[in-house]
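Report on the structure given below.
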Amino acid sequence: MLVCWLVSKDKKHGRIKLPHAETVLIGRGPETEIVDKKCSRHQVQLKADYNKRYVKVKQVGTNPTSVDSVDIGKGQEMTFKPGSILYMVNNLYPYVVEFFEGAGGSKGDEVKTCIKRPPEDSVNNDKESPKKFGRMESDRSISNLNTSRSEKTSSEKLPHVPEVKNPGHWSQGLKVSMQDPAMQVFKDDKVVVIKDKYPKARHHWLVLPWESISSLKALRTEHLNLLQHMHTVGEKVIKDYTNSSSNKFRLGYHVIPSMSHIHLHVISQDFDSPCLKNKKHWNSFTTDYFLQSEDVMEMVKQNGRVTVKDGATELLKSPLQCHVCKEQQSTIPKLKEHLKKHWKS
DNA sequence: GTTCTAGAAC
DNA sequence: GTTCTAGAAC
């Protein structure tokens with residue numbers, strides 16, 4: 001009989017049993033002896049899969065839980081396998097997971113007080129295997145790019161290349177793409193620019209720092225130079241790769257991005273793209289969900305960090321309003337038809 | 001993040 | 001009947 005244990009790496013307390021396909025909530029409390037207020041009482045939701053020999057970890061609390069230095073993100077899941085380290089919150093309180101054969105009997109120093117929920121789908125877990133991220137577009141051309149660079153200055157000299165420990169998870173896709181030379185439109189020692197894989201306008205790039213910054217919340221005063229550089233590179237890409245006089249652009253960040261690793265959107269304001277399909281897409285670029293790059297820099301300058309207001313998610317449900325003339329449209333197809341009016345010939 | 005699809009809206 | 005959205009699954 002197989003048993004799965006969650007083990008505190010710093011041996012703060014006894015191991016916690018994770019039964020197959022049962023949801024277990026862990027966080028601040030007597031069973032973990034974590035008293036840190038940054039850790040929610042229900043910080044993570046764990047569900048072991050004895051067939052796959054891994055544990056699904058969902059971050060329930062607000063502050064970051066990470067697996068091998070990759071932030072999971074609130075409400076999101078990652079796989080946690082033997083050999084990986086789960087940090088309960090803020091890179092603190094390390095845990096490992098262990099699967100043991102035939103250790104059914106001995107209760108040992110097991111901690112019993114964890115909260116359990118009935119399994120949601122106790123069978124049916126066998127079919128899916130970790131997916132590779134996305135699809136690669138084979139026809140991506142970089143022939144007109146990187147003209148100023150000599151051929152082989154690439155990755156070996158870069159100061160930070162973010163390690164992707166869970167490349168299978170979709171939220172890690174940017175960290176994979178940014179390291180793929182075929183995706184890189186521009187790079188220097190601090191940042192790399194890639195095309196958005198699902199552009200929401202005729203021109204849509206992402207500027208990513210090599211330095212691993214998980215999100216806007218991690219920004220501090222010491223990042224100001226980098227933020228400014230990201231902005232400057234964004235403007236350079238507009239200048240180099242578009243007829244910039246005829247295209248309006250905005251540079252900014254999503255308040256709550258879906259993808260890990262901070263990224264500056266550089267997007268033309270035509271919003272002419274088949275990938276723009278729903279209200280969330282629209283509102284994420286045309287409401288205050290989109291924080292202009294300059295505003296982010298100003299906030300960091302003033303307050304030393306970016307404060308994210310609660311309820312930003314609600315902005316994604318706002319009525320569809322044209323970003324140019326403010327006229328409201330009832331559906332996405334009607335909005336897309338309306339937008340044509342504002343395109344230049 | 002995208003895809004898929006049930007069922008709401010028309 | 002078709003179009004469109006929104007939520008689950010990935």
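Below, chain A is the first sequence line, B the second, and so on; all start at residue 1.
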#### Entry: Between A:Phe99 and A:His20, ring centroids under 6.0 Å
no
### Query
Where is the tightest heavy-atom contact between A:Leu226 and A:Glu211, given as atom of each residue plus distance?
CD2-OE1, 3.8 Å
### Task
Give a yes-or-no answer on whether the side chains of A:His231 and A:Ser293 include a donor-acceptor pair shorter than 3.5 Å.
yes
### Message
Looking only at side-chain N and O atoms, does A:His338 offer a donor or acceptor that is under 3.5 Å from a partner on A:Gln329?
### Response
yes
### Message
Can you measure A:Asn283 atom CG to B:dG1 atom C1' for me and round it to whole angstrom units?
### Response
17 Å
### Query
Counting only heavy atoms not in A:Lys334, do more than 12 sit closer than 6.0 Å to its NZ atom?
no
### Message
Check the phosphate of C:dC10 against A:His169, side-chain N and O only, distance under 4.0 Å to OP1 or OP2. Yes or no?
### Response
no
### Summary
From NE2 of A:His261 across to C1' of B:dG1 the rounded distance in Å is 16 Å
### Message
Tell me whether the side-chain N/O atoms of A:His281 come closer than 4.0 Å to OP1 or OP2 in B:dT2.
### Response
yes
### Task
Mark yes or no for whether A:Gln321, through its side chain, and A:Lys326, through its backbone, hold a donor-acceptor pair below 3.5 Å.
yes
### Query
In whole angstroms, how far is the C1' atom of B:dG1 from the NE2 atom of A:His265?
10 Å
### Message
Any base atoms under 4.0 Å from A:Lys277, or only sugar-phosphate, or nothing? Heavy atoms, all strands.
### Response
sugar-phosphate
### Query
Nearest-Å distance, CG (A:Leu276) to P (C:dC4)?
15 Å
### Task
To the nearest Å, give me how far apart CG (A:Asn278) and P (C:dA6) are.
9 Å
### Message
In whole Å, I'd like the distance from the NZ atom of A:Lys279 to the P atom of B:dT2.
### Response
18 Å
### Task
Check whether the ring centres of A:Phe271 and A:His323 lie less than 6.0 Å apart, and answer yes or no.
yes
### Summary
Per the under-4.0 Å heavy-atom filter, residues of residues 323-341 of chain A near DNA chain B come out as none
### For atom CE of A:Met183 and atom P of B:dG1, their distance in whole Å
15 Å
### Query
Expressed in angstrom and rounded to an integer, what is the separation of A:Lys317 atom NZ from C:dG7 atom P?
7 Å
### Task
Would you tell me if any nitrogen or oxygen in the side chain of A:Lys200 comes within less than 4.0 Å of OP1 or OP2 on B:dT2?
yes
